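First the structure, in the form of structure tokens, and then the observations on it.
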Amino acid sequence: MRASGVLLSIFCGPCVCIYVGFAACFCPGRLRRRSEPEDKRRFERRQRKAPRPLVVRKRALSIPLPEEPETEEPGVPSSPEELKQTTIFQEKSRLMALPLELREMIYKAVLGNDVMHVIHKENKLGHLRCKANSEKACPKRWHGVGPCADSCWGVVDSSNIWMPVEEPQGSDGDVLPLLQTCRQVYSEAFPLLYSTNTFSFIDLDCLRYLSATILPSRFNAIKSLRIEWYLTWPLYDVFAQRMLFNTALYPPHDEATWEDIWRIIAGMTGLQRLRVDLKYFDGFRDNECEQKMLAPLRQVKGLKEFDVYLGWKGKDVTGAPFKLTRPVNTVPDDSSEEEDW
Ligand SMILES: [Zn+2]
């Protein structure tokens, strides 16, 4: 055993030195990882400021179930599932005089057909309506670890928790005033909030919290999802994790969170469209690490659109349920220039 250990050191030692030297010269970002205490401090702050899980409460705007009958009579439904929820007909309302199809068009114009950026506030989730006219035109300005003021996302602190630049005016996304009009409007419009908007995430924890803080029926009503994420080195790089540093990855940057997110997405029964944008320095050290990172995505199946955009070059991926796109080579081809001359 000792001889094999010595031999392993002789062969692996120079490789490690060359890798560290190469990374320091050409990929300094890889060696400039935040120190572990700093990562730990941010993780602990995020834990303290995490949104609270869903609790059972009386829902003021939901249409209440009628009281259960005291005595069971033949033909009278008695279980809550059988009892149909009702509300008083709003005969004097001009809005309610319209057909349901027209009312739904009005609801969609007010609170649907848009992009909602989901943000991590202190002890709760929030959402900001995208400022751009289209999803592709969404302004992104990154500063340090998070977006800055002129992006749709506002500003976040070092723990990626949203910070208000000025006193918030109105409700998140301005969806509450319509929903609070009356119970009938609430019950008709609320499903459209989830089914017609695209929900956009730059923080994996926000998706986990959303799945745990809203009713499962509403979470499963989401049809369109967008995720942008900066992967943290050395994700799925076993060699680097064991040989170079004691590199503990804290949630949400660790592999367990990454795999949990894809388990949650795979269980979203209503999801139809998913776009994922991933960045990771200049790419993975080898293709095997990248395949490990992409493996959890393969459990998401049956979507109408599933696009994955990687910010680095690499090999083609086959047999995947998603369409993979990598950056095109923008370096001019010297040989063609020589031919032109
Ligand atoms: Zn936006």
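Indexing begins at 1, ligand by ligand and atom by atom, following the structure's order. Please read all numbers here as calculations on a predicted model, not as lab measurements.
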Applied to residues 294-306, the side-chain hydrogen bond (donor to acceptor under 3.5 Å, both in side chains) test, sequence neighbours excluded, yields none
Check Leu192 against Leu111 and note the closest heavy-atom contact, atom names and distance.
C-CD1, 4.4 Å
Side chain to side chain donor-acceptor pair (under 3.5 Å) with Arg48: which residues, sequence neighbours excluded?
none
Sorted by chain and number, sequence neighbours left out, side chain to side chain donor-acceptor pair (under 3.5 Å) with Arg103 holds for Glu188
Mind checking whether Phe281 and Trp312 have ring centres under 6.0 Å apart?
no
Ring centres under 6.0 Å, that's the criterion: do Trp229 and His253 meet it?
yes
Under 2.8 Å from the Zn ion (ligand 1), protein N/O/S atoms total 4
